[in-house]
2 protein chains.
Amino acid sequence: MLVELRRGSVVESRHHVHVAVVDASGALVARAGEPDLITYWRSAAKPFQALPLVLDGAADRFALTHTDLALACASHSSEPGQVALVRDFLAKIDCTERDLLCGPHRPLSEVVARDYETRGVRLTAIHSNCSGKHAGMLALARHHGWPVEHYTRPDHPVQERCLAEVSRWTDLPVSHIGVAIDGCGVPCFALPLRNMAWAYARMRNVEGGRPNGEPNQGSAFRVPQSAFRIVESMLRHPELIAGAGRPCTEIMRAHPGRVIVKVGAEGVYSALLLPDGLGIALKVEDGHRVAAELAIAAVLEQLGLRPQPAALGPQSVANSRGQLVGELRVTGGVA
Amino acid sequence: MLVELRRGSVVESRHHVHVAVVDASGALVARAGEPDLITYWRSAAKPFQALPLVLDGAADRFALTHTDLALACASHSSEPGQVALVRDFLAKIDCTERDLLCGPHRPLSEVVARDYETRGVRLTAIHSNCSGKHAGMLALARHHGWPVEHYTRPDHPVQERCLAEVSRWTDLPVSHIGVAIDGCGVPCFALPLRNMAWAYARMRNVEGGRPNGEPNQGSAFRVPQSAFRIVESMLRHPELIAGAGRPCTEIMRAHPGRVIVKVGAEGVYSALLLPDGLGIALKVEDGHRVAAELAIAAVLEQLGLRPQPAALGPQSVANSRGQLVGELRVTGGVA
């Protein structure tokens, strides 16, 4: 599977896409490129970093809402409303913005970024697209009585707990998961696309708050019932998972209750297609953001989730004079 | 040859690099990936689009200086001094900025772009990195008595003349060269990397204003003596070919008289290594700009042009907290 930039009649640039589509049993049902490619899951791992909140009782203890849990899973756009909700989340756990150790960055939404520039808004940790995830990590620390300082360190119990959860859902021993530092300062995880897809597929095995999954062959894993709160929080709040105009939000809005889509940095997407119980993980080998957006929409469309937002179809490329000189589009698919 | 982004101990993203290194006889002396990959030459074709100025007598007619000719070959940074020189060039041919049909764009130099933003400079056609090339095209039209209107159209005699020159130096019939529209509105050319590299290598066959090249086997091509003015203009003015801090300029400054380096959009570079008479053309398959910068420096270093500017060595990647979390570096080389 490729995303190609065509100019005139010639392909000018190519982006290679690797995809794994896996069912809840762990079977690879479709693929493109190398489904066992090892890469970093980046922000597409967030739902599994949020799961300890419900599994360990922190969500109940602090009366976390679907809104709070959705933000813990989100790579939000730093929209004013999203930032305000993260502040509310922090207040519930007796923390403030000053406890956040994520760094500020230009908002992932260009519209929001320009608005803040125009208004001279000073960007701080709370504007990080990961501030909801960090709030969740602080909540986990508060719940267990662990120190809230240095919660980003790989040897902090919060991070060890998140890694253990990632290990469980991906069916990989901790020793088989590569750990490095993510854009926001917490550990991120390197593992095969196939295992990322499997973890998403497994999230499907909860319905109406009741797990219906069977243990997987050779694995004692059962989908915990409380995991449904994480799935439901994302399904209820597509507008928080990314933001207006961004692919995760727009694909989920177009198909309410049928799909979870989660972006990761450097050309990564993961998704759960609920009607079919399929997990999807993809990586654009060179990390190209727009190519990854078109690729996830194309894979979901091929798997039957139609229509996809028009903005995620072939993209015209204009030059400095406004002439249409090329097109970026997906060729091939999963098989 | 790859440019890899490593995070921790795992390669997160990969950029494939295709390279052709060719001598003046057209022999492929080194390669990486697919040296016959067809892609667009983009702005790395500019010296050959400037050659008709000297070959047809326009440079003499209008008393064009090395400065003017260097700007005709340049993808400049829109620096105030560069823009002023393009205005002078236009005045010599009785044209003004209003005759330019290139569109404005954010300057290729981030320093210049931020300076203009801070000072509220309105960007116009003269700020296009291609404004020198367009001035050259207007000069050619003036010289031949062709209309200066619509000089960007593929069927305008200026563009037919440029294509003929590209065909001659690359040893490809016009019918074998793909033509599409470049970022600035004029035709751009799709052809194999090997032929791009050969054209650059052939430019070496002029010394002290005298061609020393022999006709190539199976080709009646002789390097015209006047072509030396184009080579010399670039060698004398590295600061105009790109701009302060940009790779073409910095590599040429580090090795005066020994190399010509010319960037093209979408991950393209071409170069002429004068001591060895080698032409180089490379393309990063996915168009990644920084990967192409590191790749051209690595290839030139491997071919003996040492040292390369430190800024073009392995690049540290920092996250939003300022932690060094990864590195972008070249692996492999030409062989």
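We name chains A, B, ... by the order of the sequence lines, and we start the count at 1 in each one. Everything quoted here is computed from the prediction, not taken from an experiment.
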Chain A contact via B/Thr152 - which portion, at a heavy-atom distance below 4.5 Å: side chain

Side-chain heavy-atom pair A/Ser128, A/Leu100 within 4.5 angstrom cut-off: no

Counting heavy-atom pairs under 4.5 Å with chain A, the top scorer among B/Cys130, B/Gly8, B/Ala125, B/Ser320 is B/Ser320

Under a 4.5 Å cutoff for heavy-atom pairs, which residue among A/Glu4, A/Lys283, A/Arg14, A/Glu12 has the most contacts with chain B? A/Glu12

Pick whichever of A/Val11, A/Val268, A/Ile38, A/Asp182 has the most heavy-atom pairs under 4.5 Å with chain B. A/Asp182

Heavy atoms only, distances under 4.5 angstrom: which of A/Gly178, A/Gly185, A/Ala180 has the most pairs with chain B? Name it, please. A/Gly185

Using a cut-off of under 4.5 Å for heavy-atom pairs, which of A/Gly287, A/Ala190, A/Cys184 has the most such pairs with chain B? A/Cys184

Whether B/Arg7 and A/Glu266 form a salt bridge (side-chain N of Lys/Arg under 4.0 Å from carboxylate O of Asp/Glu) is what I want to check. no

If you take all heavy atoms of A/Ile177 and A/Ser167, which pair is closest and at what distance? CD1-CA, 3.7 Å

Minimum heavy-atom separation for A/Asp99 and A/Tyr151, please, with both atom names. O-CE2, 3.3 Å

Check the angle between the aromatic planes of B/His15 and B/His288 and answer parallel, tilted or perpendicular using the 30° and 60° thresholds. tilted

Cut-off 4.5 Å, heavy atoms of chain A, and the answer for B/Leu37 is side chain

Taking the side chain as everything from C-beta on, heavy atoms only, tell me whether A/His76 gets closer than 4.5 Å to A/Val86. yes

Interchain contact, B/Gln323 with chain A, by part (heavy-atom threshold 4.5 Å): side chain

Please rank A/Val284, A/Leu101, A/Leu5, A/Val3 by heavy-atom pairs under 4.5 Å with chain B and give me the top one. A/Leu101

For B/Cys188, is it the side chain, the backbone, both, or neither that has a heavy atom closer than 4.5 Å to a heavy atom of chain A? side chain

Polar contact flag, side-chain donor to acceptor under 3.5 angstrom, A/Ser75-A/Lys262: yes

